[in-house]
Amino acid sequence: MQHKPLVSIVCPCYNEEAMLPLYYEAMQKRVLTPLAEYDFELILINDGSKDGTLPVLRALAQQDERVKYLSFSRNFGKEAAMYAGLKNAKGDFVCVMDCDLQDPPEMIANMLERLGKEDCDCVATRRVTRKGEPKIRSAFARAFYRVINRISDTEFVDGARDFRMMRRCVADAVLELGEYHRFSKGIFMWVGFDTVWLEYENVERAAGETKWSFWKLARYAIEGIVSFSTAPLRIATAVGSIVSALALIYMVIRVVIAMIWGNPVAGYPSLLAITLCLGGFILLALGIIGEYVARTYMQVKQRPIYIQKETNIR
Ligand code: UDP
Ligand code: MG
């Protein structure tokens, strides 16, 4: 019998008790059964859910031996869950997708076909619309991509999802980046390889709710910038130089004025304004440095990216 290629599907789950049965059914119907020319393993990562996600996973694993699950000791975040999934995936092809059906399962067939036919290593997806998303969030997202593409050497694609299918070699490369603060959108671009982009329209979540608050997204954006650019560190240098130059010019002007007209003491408000402004800027610069120092500190401690509590993966 000919050996069928194995496809690993990695799916992080956090409080997805309501979503998982729907997800499994959709996968069964649209992927696992129709694509008989492949073997599949579904790697579901329970990222410290507080609802009944784990029992649902155990039940699924019992009824279908292609279902592998791994449960964390607490919530480590989606990035850690994806890392754990990639690490445990044994497939010739590895796919990462969300379990809320916002990543259409029927695209998997298309992805596998492209990988088989074309000379590419990775098939990634991007949303071309942000329908159903708050306007302000879309505006911030677009601003984020503009900023990060300007200051980072790594290219970031607007609307790129984590939903992608890659060859074994790409997954191995991603795993080699053992950084503690993970920003997958950047990591996938950073490792290179030939990537084909598929586009699709935004689909709304089928059940449950999004885990992203506005602040969580803001933190995520800062994470991306700090992880893939050191440009913010140079802001202090730039602004510092400009301010020093201006101060020098101002000093000369004051000396000249004092020599011609004497020195009438005035200007208390402007002094206060300048002091406050500079104080604010110095604190901002310290904060920026702090972001980098904190990440260096976390990385140097070499803590594991996740801790697993229970699994059926051997
Ligand atoms: N997720 C996770 N850990 C978290 C938050 C989210 O594993 O701390 C998973 C979640 O279960 C889902 C995916 O990451 O499968 C995407 O989450 P969500 O749908 O809330 O994000 P959105 O689609 O709104 O970006
Ligand atoms: Mg979602």
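As the structure lists them, so they are numbered: ligands from 1, and atoms in each ligand from 1.
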(request) Check each heavy atom of Q102 against ligand 1 and say whether those closer than 4.0 Å belong to the side chain, the backbone, both or neither. (result)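 Contact part for Q102 vs ligand 1: side chain (C-beta onward).
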
(message) Just to be sure I read this right, does ligand 1 sit under 4.0 Å from the backbone of K78, its side chain, both, or neither, counting only heavy atoms?
(response) both

Contact check: [X] vs ligand 1, nitrogen or oxygen atoms, below 3.5 angstrom:
X    : result
P12  : yes
G77  : no
K216 : no

(request) Output all residues satisfying ring pair (Phe, Tyr, Trp, His ring centres under 6.0 Å) with F76, sequence neighbours left out; order by chain, then residue number. (result)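 Applying ring pair (Phe, Tyr, Trp, His ring centres under 6.0 Å) to F76 gives F72.
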
Shortest protein contact, [atom] (heavy atom only):
atom                    : answer
atom 19 (O) of ligand 1 : D100 OD2, 2.6 Å
atom 24 (O) of ligand 1 : T210 OG1, 2.7 Å
atom 1 (N) of ligand 1  : Y14 CB, 3.7 Å
atom 18 (P) of ligand 1 : R205 NH2, 3.5 Å
atom 21 (O) of ligand 1 : W212 CD1, 2.9 Å
atom 20 (O) of ligand 1 : K211 N, 2.7 Å

(message) Looking at A36, is its backbone amide N or carbonyl O close enough to the side chain of K4 to form a donor-acceptor pair, meaning the two atoms are under 3.5 Å apart?
(response)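 Present.
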
(request) Determine yes or no for a side-chain-to-main-chain donor-acceptor pair under 3.5 angstrom, with R167 supplying the side chain and C120 the backbone. (result) yes

(message) Are Y220 and F183 an aromatic pair, judged by ring center distance below 6.0 Å?
(response) yes

(request) Search all heavy atoms of P105 against all heavy atoms of R30 and return the closest pair with its distance. (result) CD-NH1, 3.8 Å

(request) Of all the heavy-atom pairs spanning M27 and I108, show the shortest one and how long it is. (result)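 Where M27 meets I108 most closely, the heavy atoms are CE-CD1, 3.9 Å.
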
At less than 4.0 angstrom from any non-hydrogen atom of [X], what atoms of ligand 1 do you find?
X   : value
D47 : 2 (C), 3 (N), 4 (C), 7 (O), 8 (O)
E16 : 10 (C), 11 (O), 12 (C), 15 (O)
C99 : 15 (O)

(request) Answer with yes or no whether the side chains of Y14 and K50 bring together a donor and an acceptor at under 3.5 Å. (result) yes

(request) Evaluate the criterion side chain to side chain donor-acceptor pair (under 3.5 Å) for residue pair R161 and Y200; output intermediate values, then yes/no. (result) CA-CA 10 Å; R161 302 274 305 168; Y200 72 102; 3.3 Å; yes

(message) Tell me the nearest of D98, N75, V96, L20 to atom 13 (C) of ligand 1, using heavy-atom distances.
(response)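 Result: the heavy atom closest to atom 13 (C) of ligand 1 is in D98.
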
(request) Check step by step if side chain to side chain donor-acceptor pair (under 3.5 Å) holds for E16 and Y23. (result) CA-CA 10 Å; E16 301 284 9; Y23 171 75; over 6 Å; no

(message) Tell me which one of C99, S71, C13 satisfies side-chain contact (heavy atoms from CB on, under 4.5 Å) with T53.
(response) C13

(request) Take E155 and W190 through the test side-chain contact (heavy atoms from CB on, under 4.5 Å) and record every step on the way to the result. (result) CA-CA 8 Å; E155 191 202 340; W190 190 90; over 6 Å; no

(message) Take a 6.0 Å sphere around OH of Y292 and say whether it holds more than 12 heavy atoms from other residues, nucleotides or ligands.
(response)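 Above 12, so yes.
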
(message) Closer than 2.8 Å to the Mg ion (ligand 2), what protein N/O/S atoms do you find?
(response) D100 OD2, Q102 OE1

(message) Please report the interatomic distance CE(M165) to CG(L115), rounded to the nearest 0.5 Å.
(response)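 With rounding to 0.5 Å, CE (M165) is 6.5 Å from CG (L115).
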
